[in-house]
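Let me begin by presenting the structure, written as structure tokens, before commenting on it.
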Amino acid sequence: MAELAALEDPRVRAVNENHGDDHGVNLGKLRAVAKRVKTQQDLSKELWATGDTAARLLALLICRPKAFSAQELDTMLRQATIPKVNDWFVNYVVKKSAHAEELRQAWFADPDPVVAASGWALTSERIVKKPEGLDLPGLLDLIEAQMKEAPERLQWAMNNALAQIGIENPELRARALGIGERLEVLKDYPTPPNCTSPFAPIWINEIVRRRDAG
């Protein structure tokens, strides 16, 4: 904890706080600490229990994802309210867990929008890697009905699912594009040069164009 505190940079914190993240540690330096410490499940649990954001990010880098029970992962997700912690938790831990599909189903319609967003994030992963058994037209129905008014984190997760359905499924692409055009979610999101807009119609068309060109 003392080492993490010494890495605190007020400039990094100022940037992170604009994104809802309450820490000031450069992530490259944090990864260097994790590389030195290596995997330590017990230390990871101790760091997580502190509630400190930088400590929790380090915990996620040195844990053993497959060592957590489904109940432990559910509890941790509900504690992971900081955006970067939530993002790393889902991508670095839950996706590598044997409980990912069980938790995807449990979280998908949770009344907590941050928990539901994690369910949608896991659903997007399945859309791309293992879509068998998913009701993709049904997902489009939910997106069409709910995404426009969804809280921000959930809206982003649903928008990602919409884009992935359109990219990966030519037979559903026109419908996905139509939903995106009608709802206009993230249409005006400021996008840096050389980056693809998160607006689903632009995103879908650009990725499909690149694949066709390749």
Side-chain angles (χ1 to χ4, degrees), residues 1-68 72-97 100 103 107 112-122 124-125 150-160 163 185-199 202-203 206:
M1 292 302 292
E3 185 174 351
L4 290 175
L7 292 175
E8 175 79 17
D9 184 331
R11 293 167 299 178
V12 173
R13 177 175 285 275
V15 172
N16 287 335
E17 285 181 344
N18 287 332
H19 303 287
D21 293 316
D22 61 347
H23 75 92
V25 177
N26 176 281
L27 296 181
K29 292 180 179 179
L30 190 75
R31 291 181 187 279
V33 174
K35 188 174 181 180
R36 190 187 76 242
V37 172
K38 298 184 171 61
T39 302
Q40 293 193 46
Q41 182 71 358
D42 289 342
L43 176 58
S44 171
K45 288 186 173 184
E46 289 179 31
L47 288 168
W48 184 270
T50 68
D52 177 79
T53 294
R56 284 187 164 179
L57 291 173
L58 179 58
L60 296 173
L61 293 174
I62 66 170
C63 72
R64 289 189 181 88
K66 295 180 180 178
F68 293 108
E72 285 177 313
L73 292 172
D74 182 77
T75 299
M76 291 171 73
L77 176 70
R78 295 174 193 281
Q79 296 168 341
T81 56
I82 301 299
K84 182 62 70 176
V85 175
N86 181 276
D87 180 54
W88 281 21
F89 176 71
V90 173
N91 286 292
Y92 297 171
V93 181
V94 180
K95 286 181 180 180
K96 297 178 182 179
S97 163
L103 293 171
W107 293 340
D112 182 333
V114 174
V115 175
S118 300
W120 276 91
L122 293 173
S124 290
E125 176 92 346
E152 183 180 13
R153 296 274 290 284
L154 180 55
Q155 186 180 70
W156 273 89
M158 295 176 85
N159 184 71
N160 186 31
V185 169
L186 302 176
K187 183 176 183 179
D188 299 318
Y189 190 80
T191 305
N194 302 318
C195 291
T196 302
S197 169
F199 180 47
I202 295 176
W203 185 359
E206 176 61 17

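Keep in mind that this is a model prediction, so the values were computed, not measured.
When all heavy atoms are compared, the tightest approach of V85 to A80 is CG1-CB, 3.8 Å. In plain terms, the two heavy atoms of L73 and V93 that are nearest each other are CD2-CG1, 3.7 Å. Pairing each heavy atom of L61 with each of A34, the nearest pair is CB-CB, 3.7 Å. Contact between P151 and P113 at its shortest, heavy atoms only, is CG-CB, 3.7 Å. N26 approaches G28 most closely through the heavy-atom pair OD1-N, 2.8 Å. In terms of heavy-atom proximity, A100 sits nearest to L122 at O-CD1, 3.8 Å.
The side-chain hydrogen bond (donor to acceptor under 3.5 Å, both in side chains) search around N16 returns H23, not counting sequence neighbours.
Counting only heavy atoms from C-beta outward, the side chains of W203 and L186 never approach each other to under 4.5 Å. At least one side-chain heavy atom of L30 sits less than 4.5 Å from a side-chain heavy atom of L27. Taking the side chain as every heavy atom from C-beta outward, P83 and H19 never approach each other to under 4.5 Å. Counting heavy atoms from C-beta outward, C63 and F68 have side chains that approach closer than 4.5 Å. Put simply, the side chain of V25 does not reach to within 4.5 Å of the side chain of L58, judged on heavy atoms. With a 4.5 Å cut-off on side-chain heavy atoms, K45 and Q41 count as touching.
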Derivation and outcome, side chain to side chain contact (heavy atoms under 4.5 Å, CB included), residues K35 and R31: CA-CA 6 Å; K35 188 174 181 180; R31 291 181 187 279; over 6 Å; no
W107/D74 under side-chain hydrogen bond (donor to acceptor under 3.5 Å, both in side chains): CA gap, chis, key distance, verdict: CA-CA 9 Å; W107 293 340; D74 182 77; 2.8 Å; yes
Criterion side chain to side chain contact (heavy atoms under 4.5 Å, CB included) on K84 and T53, from CA distance to verdict: CA-CA 9 Å; K84 182 62 70 176; T53 294; 5.9 Å; no
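Note that the CG atom of N160 and the CH2 atom of W120 stand 10.5 Å from one another [nearest 0.5 Å]. N159 CG to F199 CZ: the interatomic distance, rounded to the nearest 0.5 Å, is 9.0 Å. Between the CD atom in E206 and the OG1 atom in T196 there is a gap of 5.0 Å [rounded to 0.5 Å]. Separation of atoms CH2 (W88) and CG (L60) is listed at 8.0 Å; rounding is to 0.5 Å. Taking CH2 of W48 as the start and CG of L57 as the end, the distance is 8.5 Å to the nearest 0.5 Å. In this structure, CD on E46 lies 9.5 Å from CD on Q40, to the nearest 0.5 angstrom.
None of T81, N86, L77 except one satisfies the side-chain contact (heavy atoms from CB on, under 4.5 Å) rule with V114; the exception is N86.
For D42, the CG atom counts as loosely surrounded, since its 6.0 Å shell holds 12 or fewer non-hydrogen atoms of other residues, nucleotides or ligands. Atom NZ of K95 is surrounded by more than 12 heavy atoms from other residues, nucleotides or ligands within 6.0 Å.
Less than 6.0 angstrom separates the ring centroid of Y189 from the ring centroid of W156.
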